[in-house]
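See structure below.
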Amino acid sequence: MHRRTTFTAALGGGLLVLTAITQAAPAAPATGPEAAAVTISVGTEATARPVPDQIVGANHRWPRGGLGMWDTGTDQPSALMVELAKKTNLKLVRYPGGTVANLFDWKKSIGPQDQRGCQVGGGFVGGAEPMDSAYGPDENERFVDAIGARTTIMTNGTTQTPRDAADYVEYMNAKPGANPNGGTDWAKVRAANGHPDPYDIDVWEVGNELYLPNQAYWRAKDLDTRLRQFAFGGTQRQQDQPLGTACDHRPEAGVSDGSAGQRFQVWYPPVVPGSATVRVGGEAWRQVGDLGAAGPDAAVYQLDAKTGRVTFGDGVHGRIPPADAAVKADYDSGPHAGFTDFYAAMKKADPSISVCSPWEKPEFVKLMGREHRYDCIGPHLYLNREVQGTAAEVHDTTVPEADQVVDRELDALEAAIDAYGPGAGKRPFLEVSEYGTIVAGAPEGWGGSLTNVLIQGGHVIGMINHGVPLAISSNLNTDKPAAGELFGGAPEFTDTGRARMLGLVSKLAGSTPVRQEVTGNPDATGGGYPALRVLSTRADNGTVRVFVLNRDREQDVHAGVALPPGTGGTARVHTLNGAGISSYNSATQPDALKVTTTEQDAGDGRLDHTFPAHSVTLIEVPG
């Protein structure tokens, strides 16, 4: 059973109001020869919203049975995947993914498996070949329900319409008998597919990273034009584009096989009437309204402008395109709807949902101004760069650069919203719908390494400090062995170091970040950046948690932790670490990175602790 929550009141309603728990000063640090040179002083004044449990989320992609995590034999999610997700306390899943889902047709992915249609990927996973629809929204909800999490949905804003998106909202959220969109009663369809109760999906996005060159699709290459097309819709000329089918955009799908009555389709319908030129083997053929009136040698075709389907003759009525001839087209694609149209249709279907823009740049905020509504923006926070050198050199390069990613992106969006965004009571919130690293040239296994764990632990600290309500790690898994995904790859999914780090983060949920001071923080070996990065929180019952990253790749750091008055007793200390910064978990070495838990006395409101090199530590002290 799903339990509905909503961000509207807490997140979209205006200014952030923080209430201090108390104003008492932190305990005085110890003195004397045993005192540590480094001190972490924990206060009580709140600095951000309470840590949400949905800070522990992951991006999940639909192709090939959820990339190998759906057991087709039992029609159930992988038992190992369920076990690992529960162990990590994964509370949020983004479906059906990012780039790969930009062209996803959800209506083909519901109902009996033998009645589902084919899909074409949007990129990143697979090529442009036909893909099945085995892992649809109902399968995803069965997985999410099994692990006690919730879903955010990214809907196709490129080749589907606002009505399609509104129907999707109705299918997932409508109560039986409601039918808010008219036409097909999608709640009834959902019930027939085995789930009478609404899924109650709160947060929706319209597309993914459409500002990137590989995700322009029908839109213009020029970014200013593309932004306006994304926001408000439009028409765009397509030139020398291969034809294909609804599910196949590979070059070979646009080559004649020499048979009679061949049918092809443009990639991005509809087609503006009168705008198309279709060429066969480089020769322009002529469009006609009826092939039945054409002679056997006529170089003609018939075009359905709405669907973009191109039909050729059979040798009696219209010439057959010769075998191996490439079939291409120039045409005006459109008119297409924009975000504002999708927003209106989806909110009409369910006014309680939050509809987010994936165009996560200040230019979008400025263009929309105070007039056009959006509930949220979905920034993607990536350290994205090429590297070279040894593991130590990569560590020294990437860790300090990664520290800037979260603040730079989120600060820019917050400033733009302050300057140009909707007024009080309508302020959009920032939902981090992807974060991680895209590092080319790194040593083998780097994606699962302690270096990357420390980088992404820093991302999490930054997002918590910014009051981000949800965060989605990229990515849940893939369908072959891999070090860089949250749970590795099929068939032997892995409890990776990143998953174990997020399991520690999950213990912060519900507690409030509080003011802290770190004195004497040394520079990390070889990096010229602070070795320790720290987040302190305090729960309503007085429990203090101190989350510490020691990013130094060689040196331990001994520190005293000065706690607020009234805090003390036996502390539990959880430490995630491995042999070195290059260590990572795999099927053959499942505990190269592991968590050990010890106890330590903090009875006097202070404890001294040695934070090992390249480690993640969570200290929990009762109030």
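For reference, positions follow the sequence shown, starting with 1.
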Say you draw a straight line from [atom1] of [X] to [atom2] of [Y]; how long is it, rounded to the nearest 0.5 Å?
X	Y	atom1	atom2	result
His614	Thr451	NE2	OG1	9.0 Å
His466	Arg49	NE2	CZ	11.5 Å
Leu504	Arg545	CG	CZ	11.5 Å
Thr478	Leu486	OG1	CG	13.0 Å
Ser433	Glu205	OG	CD	3.5 Å
Ser474	Arg61	OG	CZ	6.5 Å

Between [X] and [Y], is there a donor-acceptor pair closer than 3.5 Å when you use the side chain of the first and the backbone of the second?
X	Y	answer
Glu409	Leu381	no
Asn477	Gly66	yes
Asn585	Asp495	yes
Gln516	Val534	yes
Asp71	Gln76	no
Ser357	Trp359	yes
Asn550	Phe611	yes
Gln215	Leu212	no
Glu485	Asn475	yes
Trp70	Asn140	no

Flag side-chain contact, heavy atom, 4.5 Å: [X] against [Y]:
X	Y	value
Leu476	Leu67	no
Leu563	Val561	yes
Ser511	Thr543	no
Asp403	Arg551	yes
Phe547	Lys507	no
Ser473	Tyr435	yes
Asn102	Leu210	yes
Val203	Leu470	yes

Could you tell me which non-hydrogen atom of [X] sits nearest to which non-hydrogen atom of [Y], and how far apart they are?
X	Y	value
Asn452	Gly447	ND2-O, 2.8 Å
Ile472	Arg94	CD1-CB, 3.7 Å
Leu593	Leu450	CD2-CG, 3.5 Å
Pro50	Thr512	CG-OG1, 3.7 Å
Pro622	Thr570	CD-O, 3.3 Å
Asn577	Pro612	ND2-CB, 3.4 Å

Given salt bridge (Lys or Arg N to Asp or Glu O under 4.0 Å), test Arg150 with Asp53 step by step and report yes or no. CA-CA 11 Å; Arg150 292 189 54 78; Asp53 62 0; over 6 Å; no
Give a yes-or-no answer on whether the side chains of Thr525 and Asp552 include a donor-acceptor pair shorter than 3.5 Å.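 Distance-only check passes for Thr525 and Asp552.
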Regarding Thr496 and Thr494, do their side chains bring together a donor and an acceptor under 3.5 Å, going by distance alone?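 Side-chain D/A pair, Thr496 to Thr494: absent.
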Test His60 against every option in Tyr95, Phe143, Phe487 by the ring-ring contact (aromatic ring centres under 6.0 Å, His included) rule and name the one that passes.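 Considering Tyr95, Phe143, Phe487, a ring-ring contact (aromatic ring centres under 6.0 Å, His included) with His60 is found only for Phe143.
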Begin from the C-alpha positions of Thr588 and Ser586 and carry the test side chain to side chain donor-acceptor pair (under 3.5 Å) through to its verdict. CA-CA 5 Å; Thr588 56; Ser586 65; 3.2 Å; yes
I'd like to know if Arg427 and Asp418 make a salt bridge, using a cut-off of under 4.0 Å between side-chain N and carboxylate O.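 Asp418 and Arg427: salt-bridged.
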Between Arg64 and Asp479, does any side-chain N to carboxylate O distance fall below 4.0 Å?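 Yes, charged N to carboxylate O under 4.0 Å.
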Look at atom CD of Gln589 and say whether more than 12 heavy atoms of other residues, nucleotides or ligands are closer to it than 6.0 Å.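 No.
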Around atom NZ of Lys361, are there more than 12 heavy atoms from other residues, nucleotides or ligands closer than 6.0 Å?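 Correct, the count exceeds 12.
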Sequence-distant partners of Trp446, ring pair (Phe, Tyr, Trp, His ring centres under 6.0 Å), two or more places apart: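 With sequence neighbours excluded, Trp446 shows a ring pair (Phe, Tyr, Trp, His ring centres under 6.0 Å) to no residue whatsoever.
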What verdict does the side-chain contact (heavy atoms from CB on, under 4.5 Å) test give for Thr575 and Thr598, after you've listed the backbone C-alpha separation in whole Å, the side-chain angles of each residue and the deciding distance to 0.1 Å? CA-CA 8 Å; Thr575 303; Thr598 58; 5.8 Å; no
Would you sort out whether Val548 and Ile40 count as a side-chain contact (heavy atoms from CB on, under 4.5 Å), showing the intermediate values? CA-CA 10 Å; Val548 181; Ile40 301 170; 4.2 Å; yes
Intermediate values then yes/no, side-chain contact (heavy atoms from CB on, under 4.5 Å), Arg553 and Val399: CA-CA 11 Å; Arg553 54 181 167 80; Val399 171; over 6 Å; no
Less than 6.0 Å separating the ring centroids of Phe364 and Tyr211?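 Ring centroids of Phe364 and Tyr211 are no less than 6.0 Å from each other.
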Quick test of your reading: applying ring pair (Phe, Tyr, Trp, His ring centres under 6.0 Å), list the pairs with at least one residue in residues 498-520, sequence neighbours left out, ordered by first then second residue.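 Residue pairs passing ring pair (Phe, Tyr, Trp, His ring centres under 6.0 Å), neighbours aside: none found.
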Please report the C-alpha distance between Leu502 and Val460 in whole Å, then the side-chain angles of each, then the deciding distance to 0.1 Å, and finally whether the side-chain contact (heavy atoms from CB on, under 4.5 Å) criterion is met. CA-CA 9 Å; Leu502 288 176; Val460 173; 4.1 Å; yes
How are the rings of His395 and Tyr529 set relative to one another: parallel (under 30°), tilted (30 to 60°) or perpendicular (over 60°)?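 His395 and Tyr529: tilted rings.
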